[in-house]
Amino acid sequence: MTLIELIFYSFTQGITEFLPISSSAHLLIVEKILHWDISGRTMAISAHLGSLIAVFLYLKKEIFIITININKNYNFKFIINLTIITFPILIVGLLIFKNLDNILLTINIIAYSSIIGGLLLFVFDKFEENKKKTINNISYIEALIIGLFQIFSLIPGASRAGTIITAARLFKLNRIESAKLGLYTGIPTISGAAILESMWLISEFKKIEIVSILIVIIFSALFAYISIKLMLRWLYNKSYLPFIIYRIFLGLTILLFINN
């Protein structure tokens with residue numbers, strides 16, 4: 001890939017990773033339209049690592065406070081909830097979906113999951129908000145159900161952030177808390193995926209271009225950070241409606257034009 005392609009690849013991943021619109025869907029669409037020949041999973045892993053760095057940079061103060069006060073009940077509850085939410089997708093992803101990537105990663109599936117996910121978010125985003133409800137005080141049962149929702153993000157186009165946000169809105173977390181839950185759950189989920197895929201990187205190390213990897217990591221981190229900041233700023237006074245409309249429009253566009 002050329003430098004421009006690497007930067008555009010990073011832009012696509014970074015901007016879409018934590019928005020409820022599916023990064024995997026956009027990467028596949030861009031790859032097909034531009035006829036990119038991307039070797040193995042190197043760029044995807046690098047892009048996700050960059051996105052992970054962006055989360056740590058954006059949430060660094062909150063993560064620091066939680067870490068140094070881990071013994072306090074509300075922070076301990078936060079860690080337990082995060083673990084419960086993450087557990088289902090790690091287990092199902094490792095045991096089942098890991099071997100279904102080639103079957104599921106199709107334009108048709110992306111189109112339908114984008115539309116269905118958008119409609120579900122539209123319905124649940126209308127639920128009344130509980131201003132006092134935070135990630136710290138959702139129940140363990142609610143955390144488990146959110147985790148089960150996240151399993152559907154293994155279907156390309158469903159969006160990991162989108163499934164988390166949709167489930168969080170179901171349980172009346174406000175839009176900011178829902179978006180932050182999407183960020184926090186990305187830490188263990190993306191880390192787990194990166195660790196699994198690192199085995200492939202090690203085996204292919206001699207064929208890997210280190211400079212290309214660094215470019216993708218750096219630019220993915222930059223674009224993801226900007227995306228997170230703009231999304232949360234928008235959600236202070238607005239809803240998820242633009243993302244919902246975009247998802248439905250994207251799905252319909254794929255079915256009507258790209259798929260022909």
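Throughout, residue positions are numbered sequentially from 1 according to the sequence presented.
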I'd like to know if the side chain of E142 reaches the main chain of S139, judged simply by a donor and an acceptor atom lying under 3.5 Å from each other, with no hydrogens or angles considered. yes
Please check if any side-chain donor atom of S24 sits under 3.5 Å from a side-chain acceptor atom of R160, or the reverse. no
Is it the case that the side chains of S227 and E17 hold a donor-acceptor pair, with the cut-off being a distance below 3.5 Å and no angle test? no
Under 4.0 Å between a side-chain nitrogen and a carboxylate oxygen: does that hold for E129 and R175? yes
Excluding L120, membership of its hydrophobic cluster (Ile, Leu, Val, Met, Phe, Trp, Tyr; side-chain heavy atoms within less than 4.5 Å) reads I116
With hydrophobic residues grouped by side-chain heavy-atom distances under 4.5 Å, do [X] and [Y] end up in a single group?
X	Y	value
I218	V216	no
I84	Y74	no
F223	L3	yes

Would you find more than 12 non-hydrogen atoms of other residues, nucleotides or ligands less than 6.0 Å from [X] atom [atom1]?
X	atom1	value
F127	CZ	yes
F124	CZ	yes
F11	CZ	no

Under the side chain to side chain contact (heavy atoms under 4.5 Å, CB included) rule, what do I21 and S159 come out as? Steps first, then yes or no, please. CA-CA 6 Å; I21 58 176; S159 170; 5.8 Å; no
Checking side-chain contact (heavy atoms from CB on, under 4.5 Å) between N81 and each of I146, I138, N137, which is the one that passes? I138
Only counting residues at least two apart or in another chain, list the ones meeting side chain to side chain donor-acceptor pair (under 3.5 Å) with R169. D125
On the ring face of Y140, is K77 found with NZ or CZ under 6.0 Å from the centre and within 45° of the axis? yes
